[in-house]
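The chains referred to below are lettered A, B, ... by the order of the sequence lines, with proteins before strands, and numbering in each begins at 1.
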Amino acid sequence: MSARVYGAGAEFESAGALLRAAEKARDRGFKKWDVHSPFPIHGMDAAMGLGNSRVSAISLAGGATGLLTAFLLIWWTSAVEYPLITHGKPYFAWQFSMPIFFELTVLFTAFATLFGMLAMNLLPRPHHPVFNWERFRRVTDDGFFLVVEAADPLFSTSETPRFLEEIGGRHVALIEE
Amino acid sequence: MSSSPSVSPQKPDFKRFGVLPSAFLAAGALGAAACFLGAFQHPTRTAFAWHFAFIYGFTLCAGALFWTLLHHATDSGWSVIPRRIMENLASLFPLVAVAFLPVLFAGPRLFSWMAISPAEDALLARKAAYLNLPFFYGRAALYFAIFLFFGGVLRRLSVRQDASAEPGLSLWMRKFSYAGIPLFAMALTFGAFDWLMGLDYRWFSTMWGVYVFSGSALSAMAFLVIVTRWLQANGWLKEVTVEHYHLMGKLLLAFTIFWAYIAFSQYFLIWYANMPEETLFFVRRSEGSWKWLAAILIFGQFLLPFILLLLQWSKKRINVLTGIAVWLLLMHAVDLYWIILPQSQFSGGHAEYEALKGVIPGVEFRWMDAAAFAAVMGPLFYAFLRRLASASLIPVRDPRLEESLHCRN
């Protein structure tokens with residue numbers, strides 16, 4: 001059974017070594033690659049050349065939907081469908097609607113952000129090819145890994161492992177799909 | 001763990017500020033002379049114009065003291081570099097106290113409770129235990145003692161550290177700040193009660209102190225952005241990076257939202273309860289042309305800066321952020337003008353207001369407003385420039401300086 005290659009992985013000594021390796025992988029021009037560590041590493045975003053998250057656009061859309069929902073809900077129920085005078089206040093007023101505007105905007109923004117983030121990360125995902133690599137188990141303990149995917153245009157089964165060794169990676173291996 | 005001096009002290013030469021200090025002094029002198037004339041011609045209107053200017057200077061310095069206290073109490077890293085600017089501003093309370101003296105002299109013209117006897121109004125009689133002259137003077141003295149002490153001591157220790165490099169001074173400043181934050185909160189809250197809410201003794205709002213605080217902190221942060229930008233344009237503070245501006249921009253955003261949250265909550269509760277002695281404050285300020293100022297506040301102090309500051313783009317473009325900060329300082333003036341000046345036209349209760357409705361004029365800008373503003377803020381800015389030139393612009397031997405130099409968002 002000849003499995004397809006998912007990518008090439010390498011282990012690094014420390015968080016600092018992984019950070020420097022990420023800078024070199026970024027400068028090399030890889031597009032489809034990732035780093036894995038037991039904890040978040042400060043400065044990794046810049047070292048990997050990641051831009052701003054695009055989740056904020058989804059959040060904004062969620063917030064706008066929430067505001068509109070709150071407005072239609074309050075206005076339609078209290079001023080159109082079942083108008084009723086309470087406390088001598090108007091059927092509809094921005095003053096008493098504001099807390100609900102605020103609440104639903106926040107609620108919808110939170111949902112949009114959470115589910116938008118999960119969707120953009122392709123989560124939930126019960127299995128991933130990197131788990132086929134025995135050494136990768138240490139990622140939840142003391143292992144720092146850098147993996148370049150075979151789908152990257154610059155990937156080659158001979159060149160990429162050599163590059164990973166050059167930038168200080170150890171236990172370089174090809175990971176099967 | 002003493003820090004290695006990775007940054008050399010930079011003390012601007014006062015002469016490099018050019019004509020700016022003289023211009024501030026001249027504006028102050030002209031304004032003071034005009035106010036002196038105004039005090040004879042239109043004493044009440046001039047008193048209100050002065051009170052507006054005094055409160056503007058007071059809230060600015062109080063905001064600066066808040067940020068200094070907060071820096072030490074939370075042991076902040078990023079704000080070491082811009083801290084000295086806040087310390088300089090917070091140490092100007094002696095001048096603010098001088099600006100308060102005319103307010104004392106004009107007391108009965110500003111605070112209607114001083115002009116009548118408690119026997120004349122049951123509402124005042126019930127509050128006479130708090131609203132009486134000896135207690136009013138005593139409280140003011142206590143507030144200023146607190147502001148003067150903490151504004152003075154935090155700057156003095158900080159400047160001493162520039163020379164001695166003792167890390168222990170940082171611990172002392174932190175301890176002072178632990179004690180200072182509750183005292184500052186009380187002094188600002190009750191100061192806001194006495195000097196702003198007290199303009200109409202009938203009116204009350206328990207959120208008033210927080211409302212004034214939110215505007216103070218916002219205006220001081222806007223001032224910090226502007227001064228930092230100005231110093232950089234003149235070749236100082238090269239250590240301030242876009243990361244620092246981004247952080248200041250975030251705080252501007254936070255306090256824009258906080259101000260709106262408090263302002264709306266206060267309005268909302270009073271609108272819903274609909275009790276005459278509470279609603280008059282807003283009724284009075286949402287009729288005639290005053291409603292346009294109210295609208296400018298909603299859109300100008302909240303919606304516009306909120307939407308702009310929400311974008312990372314505006315916080316990382318230094319000139320855009322400075323523009324927003326200038327706008328927010330202007331909006332703070334509109335906010336205070338809208339709070340204080342309606343009281344100069346009418347100081348009665350609900351029944352009198354109903355009878356006079358339509359007769360009371362709207363917004364009336366007078367020359368006294370500009371004169372008093374120049375008279376208070378001119379010397380204050382002059383003294384601020386003096387302070388800038390009297391010590392290094394950066395606390396160069398602060399143990400957390402390195403952290404501030406390399407701070408990241």
Side-chain angles (χ1 to χ4, degrees), chain A residues 15-16 19-20 22-23 39-68 70-71 74 78 84-110 112-113 116, chain B residues 77-78 205 207 241-243 246-247 249-250 253-254 256-276 278-279 281-283 285-286 291 294-295 297-299 301-303 306-317 402-409:
Chain A
L19 194 77
R20 285 186 291 279
E23 283 167 353
F39 47 81
I41 300 168
H42 278 290
M44 189 53 93
D45 284 23
M48 289 182 69
L50 299 176
N52 291 334
S53 165
R54 273 166 303 211
V55 176
S56 54
I58 302 175
S59 303
L60 182 67
T65 312
L67 184 62
L68 189 68
F71 170 76
I74 301 168
S78 57
L84 194 66
I85 294 176
T86 40
H87 295 193
K89 299 288 189 280
Y91 292 131
F92 177 82
W94 67 270
Q95 285 94 340
F96 65 64
S97 308
M98 198 58 97
I100 298 112
F101 286 172
F102 177 74
E103 290 298 339
L104 283 199
T105 306
V106 170
L107 183 72
F108 277 56
T109 308
T113 308
Chain B
W78 77 271
S205 163
M207 297 186 78
T241 66
V242 71
E243 298 291 326
H246 192 178
L247 283 159
K250 283 178 179 177
L253 172 64
T256 301
I257 297 170
F258 184 60
W259 176 86
Y261 180 74
I262 299 298
F264 175 73
S265 302
Q266 176 171 268
Y267 169 74
F268 177 63
L269 292 179
I270 290 172
W271 180 85
Y272 220 110
N274 208 14
M275 297 199 294
E278 284 184 349
T279 50
F281 179 89
F282 285 108
V283 169
R285 283 161 182 77
S286 54
K291 71 167 170 285
L297 281 179
I298 296 172
F299 288 95
Q301 182 150 6
F302 174 59
L303 266 180
F306 169 69
I307 292 169
L308 281 177
L309 286 169
L310 209 50
L311 306 167
Q312 234 181 59
W313 170 82
S314 65
K315 284 171 285 193
K316 287 182 168 175
R317 297 293 179 290
E402 280 298 318
E403 195 178 334
S404 185
L405 286 171
H406 304 117
C407 79
R408 301 295 304 270
N409 271 281

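Residue-environment remark: CZ (Phe101(A)) exceeds the threshold of 12 foreign heavy atoms within 6.0 Å.
The nearest pair of heavy atoms linking Phe268(B) to Phe96(A) is CE1-CA, 3.6 Å. Minimum interatomic distance between Lys89(A) and Tyr272(B) (heavy atoms only, all atoms of both residues): NZ-O, 3.0 Å. Considering all non-hydrogen atoms of both residues, Tyr267(B) and Gln95(A) come closest at OH-NE2, 2.7 Å.
With values rounded to the nearest 0.5 angstrom, Asp45(A) atom CG is found 12.0 Å from Asn409(B) atom CG.
Between Met98(A) and Phe264(B), some side-chain heavy-atom pair lies under the 4.5 Å cut-off.
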